[in-house]
Each structure stands twice: as C-alpha cells, then as structure tokens.
Amino acid sequence: MKRLSSLFLVSLLSGATTLGAYKLFIEGKDSRNSIVSMAPTNYNRTVGLNGEAVDFTVAAENAVHSVVHVKNVSIRTVYNPMMQWFYGSSGGQQQEQVGTGSGVIISEDGYIVTNNHVIKDATELEVTLNNNKSYKAKLIGTDSKMDIALLKISADEKLPYSTFADSDQVKVGEWVLAVGNPYNLTSTVTAGIVSAKARSVDTKGIQSFIQTDAAVNPGNSGGALVNTRGELIGINTMISSPTGSYTGYSFAVPSNITRKIIEDIMEFGGVQRGILGIEGSELNGKISKELGLEDAEGFYINKVTKNSGAEKAGLQKGDVIKKLDSQKITSFSELSGYINTKRPSDLVQVTFVRDGEVKTVPVTLIKNDVFTTEYKGLELENIDSSDKKRYKIDYGVRIKEINNENLKPYSEQLKGGIILSVNGVKATDLESISSYLNKNDENENVSIQMINRNSQVIQVIL
C-alpha cells in the first residue's frame, strides 16, 4: 500500500510539473498586443491533441469588417453574325458587363487592395463595405504580373482595416482563414491550413504563392487570407480546379510581396523591380547528378548578366545559391518570391556554395529594365510602354540584337520584333521566359510566335 501511495504521489507531482511548464513556456508566448500597421513576428499558436478546439472567432471578427465586395462594370461589344451575313455590317452592339470580387481595406482613409483581374477593363468600380455602405472607387495603380491592384474610396468615417503580417514567418501547417464574397455571398469565412509556401502554379515561374486548403471560390479573388490573429498574410488570387470551383487547393499572393507593390505604386506610381542579374535553374536529384553536384537543393547559376550586381559581387557560373539574407532558397519560386519584395539598389546578402565551400557576398540589385538575355543568338529585352501601346499588347519580350551569323540574313524580319510565346509558353516578361529557356537544350528546335515590325503575327522555328 505504501508503494502504491508513493507511485500516486510521483505521478501527481509529474502532472503538476508538466502543466506548470505548459502554462509558463507555451501559453506565455501567445502575445496579444495591438499593432497599428505591422504585426509582431514572434507569436506562436499551439493546437493541442486533447480535443481542444481552435478559436477562430477573434480572427474572423477582425477580418470580415475589413473585407469588401468589389463590383466591376465594363463595356464589351457583342457582334451579330446574322447582321453581317445579310447586310454586310458587323452589327456590333455595346453591352454592360458586371463582374464581382473581393478587396481588403488596408488603411483607415480608404485604400483597398484587390486582384488586378478583379478590376481589369473596368469603366466603373463600386465597393460595398461589410456594413452595406457603398462607394465609388478610384483605381490608383496595378501590377498585372503579380495580379495586384490598389483602389481608393472616400468614406465619411474612419474605416476598419487589416494589419499586414510578415508572410516569411508563416509556417506550413499553420491555421488560416479565407475571407471574401464567393458567389456574391458577402462576408464568408472559411478555414484551413497552409499547405505549402513559395508555390509556383504556372509555366511563367514568376509567382511565389501561399497554398492553402481553405475553401476559395469565384468571388473570393482579392479577399483576405489571415492568420489566427486576423492579420493579413496574403491576398487570395486563384484556385486549382478542373471545374472552376474549389476542389482542394487555393493560392494567395504573400503579404510581403503585396505590401511592397502597394508601397511602390503609392510612392513611384508603378512597381520598382530589382534583379540579382543571374540566370539558371533550381536543383533536384536529376539535375544535380547531371551537373556532378552532391547537393540537390538550391539555385544553380548558369549565367551571370554583364555589369549586374551579381557580376560585380563575384558570382560565377556553377555557384549554387543557398540563402538570400536569412531566407533559405531551395527553388526558383523561393528566390523570385524574396527578390520581388526588394527594389533596385537594395543590398542582399547572397550565401552560395562554390567547390564545396560556403561563401556569402553582398549583392546590389539592378533595375529590371536593364536586364537582357541571349538565346540561340537572339539578344532579348523587356518591352516598354510605347511597345505595348503601338502593338496593343500587355506582355512580350523584344528581340534587341541578332548575334547568330546564321540568322543575320533574317535580321530585317527578326530585329525589333516582339516575341509573344515560345513553344506555347507565354512570354510574360524577360524573367519568366529566360527561366523557361534555361531548362531547354539550345540544340533543340523551338517554335516562336512573334509580332514583326510590320505588326504581323508570324510563327518562326529556330
């Protein structure tokens, strides 16, 4: 009996010690201080395995009042083929078209962030708050590459707004809420977890999405992805679905990228993009084996741009980038995602491996406009606003020079032309298309769709 009493006492003391440690070290870390614009980066949310429910009510309450309904009114021309057949007239009639989406208030004076595709081609924008008040909205600026747009409304009161969290601190497996207006159902909240970070979901390879399994449907675009404190970690942008409706995964532009784009638009009137000045590909087992590398993670440098920050810092072909500042790099989307939060002239500490030795050098980012690349003797560069206006396009890369002797006879047709796609892959900009081309063997033929200087769309096989 004495022995049983001793065992009971030891068990009781052990349980008390465990409970005390939990209260002291785990619960004590859950900071609840109010932050005006940026959220603290050192919070934790522990979900126990004892059946205790996670409380989303505070996060939902904070988020729903800052998420708005966005109505896009545009005009499109509808053609009547019968009129054309009988009377030789196109019979075009202008019709009003209405689209809807979501947006997030980010300041008390009425700045709102949404997706570019939510407001594209709008002739009129209307925003409805959670309290059912409606306002005409003004478009401040857009970034079609990252699918972000900034709106402004003039309200007669201070508005509730979302606080930006540091999306680099978001963890896979962390609980999140998606807040928006799917199918015109206002103030809808769904819950899920972060399924992956730095996810690239298209062939352009320029996006670095937060992937989540929180249900997102048409109408959610431009809405908020928030953490369990109601702080903004992303702007819901797209879903992966064969039907057009939610089937398991949705994607959000990280808050750090969103915030940088908004600040650029407000300060400079447009997005300021900086680049390292390198080309290459992310490593995996197969590529590492072909290159004779032991490491299967990181970004392999295949080319360094002349006069770039990377060249001046001494980076070379064959180097494998492992970190940018404190951010670990295992893929191209992680690298591009981090660089997209920076501006030209920003300094980035690049940690890389060369001949088995780990080194770190400071690299000054250069402006994206001066970036050129070469493929099969074609020197390529980004198009500018005058090209977009002249050819009525919003993407493409220009052939700057012909350096391939075999192509010199065709220089008149090719030089100055705008490449729209390569092997069916859209040439959104130089960064995206160079990433695609670097994966191809230069000895293989490629099919290029382009606009020549006579504004004719032609197909070229190189």
Side-chain angles (χ1 to χ4, degrees), residues 145 202-206 273 275-283 286-287 290-292 299-312 314-319 332 335-336 366-388 390-462:
K145 177 178 178 179
D202 56 25
T203 53
K204 293 178 290 185
I206 57 172
R273 301 198 192 283
I275 59 172
L276 285 169
I278 59 171
E279 298 177 42
S281 60
E282 61 187 62
L283 292 178
K286 181 182 178 181
I287 294 176
E290 290 174 355
L291 294 171
F299 185 84
Y300 177 81
I301 298 177
N302 188 51
K303 181 182 177 182
V304 178
T305 304
K306 291 180 181 178
N307 300 318
S308 67
E311 184 187 53
K312 292 173 182 177
L315 291 176
Q316 301 174 8
K317 178 180 179 179
D319 292 344
F332 174 71
L335 183 144
S336 63
I366 63 172
K367 198 171 184 179
N368 196 30
D369 294 349
V370 302
F371 178 36
T372 63
T373 189
E374 189 170 305
Y375 183 74
K376 290 197 170 188
L378 299 180
E379 187 177 345
L380 309 176
E381 65 181 359
N382 281 313
I383 60 175
D384 55 29
S385 56
S386 62
D387 292 321
K388 293 178 181 180
R390 176 185 174 186
Y391 297 109
K392 297 179 180 179
I393 55 176
D394 59 2
Y395 70 93
V397 296
R398 185 198 292 113
I399 300 176
K400 183 180 180 181
E401 291 291 343
I402 308 295
N403 299 321
N404 186 334
E405 290 299 324
N406 295 327
L407 296 176
K408 288 288 185 181
Y410 310 101
S411 179
E412 191 67 27
Q413 288 185 343
L414 295 176
K415 188 174 178 180
I418 308 296
I419 295 177
L420 300 176
S421 67
V422 179
N423 289 341
V425 176
K426 193 174 179 180
T428 308
D429 58 19
L430 199 56
E431 182 184 2
S432 61
I433 203 63
S434 64
S435 173
Y436 171 75
L437 292 174
N438 278 324
K439 299 175 184 177
N440 290 354
D441 186 346
E442 281 210 15
N443 294 319
E444 293 181 3
N445 290 335
V446 294
S447 175
I448 293 177
Q449 184 188 49
M450 61 174 288
I451 303 175
N452 64 19
R453 287 189 293 184
N454 297 323
S455 300
Q456 299 170 318
V457 179
I458 60 174
Q459 204 79 18
V460 177
I461 305 296
L462 292 179

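Here the straight-line distance linking atom NZ of Lys400 with atom CG of Asn403 works out to 10.0 Å at 0.5 Å rounding. Between atom OG of residue Ser336 and atom CD1 of residue Ile275 there is a gap of 12.5 Å, rounded to the nearest 0.5 Å. The distance from atom CG of Leu380 to atom CD1 of Ile418, rounded to the nearest 0.5 Å, is 10.5 Å. Between the CG atom of Leu276 and the CD1 atom of Ile301 there is a distance of 8.0 Å, given to the nearest 0.5 Å.
Shortest non-hydrogen contact noted between Val460 and Ile458 is CG2-CD1, 4.0 Å. When all heavy atoms of Ala310 and Gly277 are compared, the pair lying nearest together is CB-O, 3.8 Å. Among all heavy-atom pairs drawn from Gly309 and Ile366, the shortest one is N-CG2, 3.5 Å. Scanning all heavy atoms of the two residues, the minimum distance from Gly280 to Phe299 falls at C-CZ, 3.4 Å. Nearest approach of Pro409 to Asn406, heavy atoms of both residues: CD-O, 3.6 Å. Minimum interatomic distance between Thr428 and Tyr395 (heavy atoms only, all atoms of both residues): O-CB, 3.7 Å.
Side chain of Asn452 to main chain of Asn454: a donor-acceptor pair is present (N/O by atom type, distance under 3.5 Å, no hydrogens or angles). Side chain of Arg453 to backbone of Glu412: a donor-acceptor contact under 3.5 angstrom is found. In this structure, the side chain of Asn404 engages the main chain of Lys376 through a donor-acceptor pair within 3.5 Å.
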**Message:** For Lys415 and Glu401: C-alpha separation, side-chain torsions, deciding distance, then whether side-chain contact (heavy atoms from CB on, under 4.5 Å) applies.
**Reply:** CA-CA 6 Å; Lys415 188 174 178 180; Glu401 291 291 343; 3.5 Å; yes
**Request:** Take Ile287 and Tyr300 through the side-chain contact (heavy atoms from CB on, under 4.5 Å) test and state the conclusion after the steps.
**Result:** CA-CA 10 Å; Ile287 294 176; Tyr300 177 81; 5.8 Å; no
**Request:** Go through Ser281 and Phe332 one step at a time and tell me if the side-chain contact (heavy atoms from CB on, under 4.5 Å) criterion holds.
**Result:** CA-CA 7 Å; Ser281 60; Phe332 174 71; over 6 Å; no
**Message:** Please evaluate residues Gln449 and Leu420 with respect to the criterion side-chain contact (heavy atoms from CB on, under 4.5 Å), reporting the C-alpha separation (whole Å), side-chain torsions for both, the decisive distance (0.1 Å), and the verdict.
**Reply:** CA-CA 6 Å; Gln449 184 188 49; Leu420 300 176; 4.0 Å; yes
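Proximity of Asn382 to Arg398: side-chain heavy atoms (C-beta onward) are nowhere separated by under 4.5 Å. When side chains are defined from C-beta on, Ile402 counts as touching Leu378, because their heavy atoms get closer than 4.5 Å. Looking only at side-chain heavy atoms (C-beta outward), Leu291 and Leu283 come within less than 4.5 Å of each other. Between Leu462 and Leu407 the shortest side-chain heavy-atom distance falls below 4.5 Å.
Exactly one of Ile278, Val304, Thr305 qualifies for a side chain to side chain contact (heavy atoms under 4.5 Å, CB included) with Glu311. That residue is Val304. When each of Ile399, Val457, Val422, Val397 is checked for a side chain to side chain contact (heavy atoms under 4.5 Å, CB included) with Met450, only Ile399 meets the rule.
Enclosure of atom NZ in Lys408 by more than 12 non-hydrogen atoms of other residues, nucleotides or ligands within 6.0 angstrom is indicated. Heavy atoms from other residues, nucleotides or ligands lying under 6.0 Å from CD of Gln316 number more than 12.
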